[in-house]
Structure formats: structure tokens, C-alpha cells
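All figures in this text were calculated on a predicted structure; none of them were measured in a lab.
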Amino acid sequence: MNDIEQPVREQLAAYNAKDIDAFMPWWAQDCEYYAFPSTLLAKGVDEIRERHIERFKEPDLHGTLLTRITVGNVVIDHETVTRTFPEGRGEVDVVCIYEIENDKIAKAWFKLGERRIF
């Protein structure tokens with residue numbers, strides 16, 4: 001039996017380490033990355049890589065997992081993400097929905113809450 005949560009767990013660890021080479025193998029070649037519910041932000045590993053190379057430059061970037069639930073091949077995380085926003089250091093609550101196929105993230109949706117500036 002596959003560990004459906006593994007790609008999500010591993011990509012979050014790589015995200016927090018700001019390690020693009022450890023982050024990317026968990027994404028399917030033709031993956032889709034959305035702002036919830038349906039705004040496509042990136043399609044394919046090249047666009048996701050480019051997006052995260054920029055994000056990983058933020059000095060305060062860190063995702064803290066609050067809750068994880070799994071239903072079938074869908075993994076849902078509730079995280080608080082610390083970021084360096086244009087307005088300054090802060091955090092935002094994020095609901096992350098990942099669809100897993102063949103041990104990779106095939107689709108992901110992200111619903112952001114309101115920014116809280118420290």
C-alpha cells in the first residue's frame with residue numbers, strides 16, 4: 001500500500017529547508033497549481049520550480065503544519081505560513097489541498113487567509 005501522505009510530507013520538509021532540488025521530485029511532470037478554487041497559477045514542473053525559487057529567497061519562509069487529513073488520494077493540510085511580505089514579516093493561514101497520483105502531487109489548491117503583519 002502506498003503512503004499517500006509521503007509526497008505532501010516530503011515537499012513540506014523541502015519547502016521549509018528552501019531546498020528546490022528536494023522539493024521538485026514530489027510534483028508530477030504535468031502538475032497543476034491553483035489558487036482556490038480555480039485560478040491556475042502554474043502548470044508543469046518548470047513553472048512550479050520557477051515560482052518556488054523566488055519564494056525560497058524569502059528569509060522568514062516557514063510552513064507550520066497544524067492539521068493533516070487524508071481521504072482517498074487527497075491530502076488536506078491546514079498550515080500557518082510565515083513569510084516576508086512587502087509590508088514586512090508576517091504570517092498567513094493556508095488550506096492546502098493535494099491530489100496524489102502515482103506517488104506525486106498531480107494537482108494542488110491553496111486557500112489563503114488574511115495576512116497578519118508582525
Listed partners of Asp19 passing side-chain contact (heavy atoms from CB on, under 4.5 Å), at least two apart: Ala17, Asp21, Ala22
Intermediate values then yes/no, side-chain contact (heavy atoms from CB on, under 4.5 Å), Leu12 and Asn16: CA-CA 6 Å; Leu12 179 58; Asn16 285 335; 4.0 Å; yes
Hydrophobic cluster (4.5 angstrom, side-chain heavy atoms) - remaining members for Val71: none
Gln6 CD: over 12 foreign heavy atoms closer than 6.0 Å: yes
Partners passing side chain to side chain donor-acceptor pair (under 3.5 Å) against Arg9 (at least two apart in sequence or in another chain): Asp3
Cluster link Val94 to Trp109, ILVMFWY, side chain under 4.5 Å: no
CD1-CG distance between Ile48 and Leu41, expressed to the nearest 0.5 angstrom: 9.5 Å
Cluster overlap Ile100 with Val45, hydrophobic side-chain contacts below 4.5 Å: yes
Atom pair CD (Glu47) and NE2 (His52), whose distance is rounded to the nearest 0.5 Å: 12.5 Å
Within one Ile-Leu-Val-Met-Phe-Trp-Tyr cluster: Val75 and Val95, side-chain cutoff 4.5 Å: no
N/O donor-acceptor pair under 3.5 Å between Lys18 side chain and Pro59 backbone: yes
Separation of Lys107 NZ from Trp27 CH2 (nearest 0.5 Å): 13.0 Å
Contacts of Lys104 that satisfy side-chain contact (heavy atoms from CB on, under 4.5 Å) - sequence neighbours left out: Ala28
Enclosure of Glu87 CD (heavy-atom neighbours >12, cutoff 6.0 Å): yes
Residues in salt bridge (charged side-chain N to carboxylate O under 4.0 Å, His left out) contact with Lys43, at least two apart in sequence or another chain: Glu32
Residue pair Gln11, Ile105: steps toward the side-chain contact (heavy atoms from CB on, under 4.5 Å) verdict: CA-CA 9 Å; Gln11 67 86 39; Ile105 301 167; 3.6 Å; yes
Non-neighbouring partners of Phe36 that pass ring pair (Phe, Tyr, Trp, His ring centres under 6.0 Å), sequence neighbours left out: none
Scan the side chains in residues 76-84 for donor-acceptor partners under 3.5 Å anywhere in the protein, sequence neighbours excluded, and list what turns up.
from: Asp77; atom 1: OD1; to: Arg68; atom 2: NE; distance (Å): 2.7
from: Asp77; atom 1: OD2; to: Arg68; atom 2: NH2; distance (Å): 2.9
from: Thr80; atom 1: OG1; to: Asp93; atom 2: OD1; distance (Å): 2.9
from: Arg83; atom 1: NE; to: Glu58; atom 2: OE1; distance (Å): 3.0
from: Arg83; atom 1: NE; to: Glu58; atom 2: OE2; distance (Å): 3.1
from: Arg83; atom 1: NH2; to: Glu58; atom 2: OE2; distance (Å): 2.5
from: Thr84; atom 1: OG1; to: Asp60; atom 2: N; distance (Å): 3.4
from: Thr84; atom 1: OG1; to: Asp60; atom 2: OD2; distance (Å): 3.0

Salt bridge (charged side-chain N to carboxylate O under 4.0 Å, His left out) against Glu99, all qualifying residues, sequence neighbours excluded: none
Ring pair (Phe, Tyr, Trp, His ring centres under 6.0 Å) partners for Trp26, two or more places apart: none
Parallel, tilted or perpendicular, as decided by the 30° and 60° cut-offs, for the rings of Phe56 and Tyr15: perpendicular
Common cluster, Ile97/Ile4, ILVMFWY with side-chain heavy-atom separation under 4.5 Å: no
Common cluster, Leu112/Leu40, ILVMFWY with side-chain heavy-atom separation under 4.5 Å: no
Any residue meeting side-chain contact (heavy atoms from CB on, under 4.5 Å) with Glu54, in chain and number order, not counting sequence neighbours: Lys57
Ring pair (Phe, Tyr, Trp, His ring centres under 6.0 Å) partners of Phe110, counting only residues at least two apart: Tyr33, Tyr98
Salt bridge (charged side-chain N to carboxylate O under 4.0 Å, His left out) partners for Glu114, two or more places apart: none
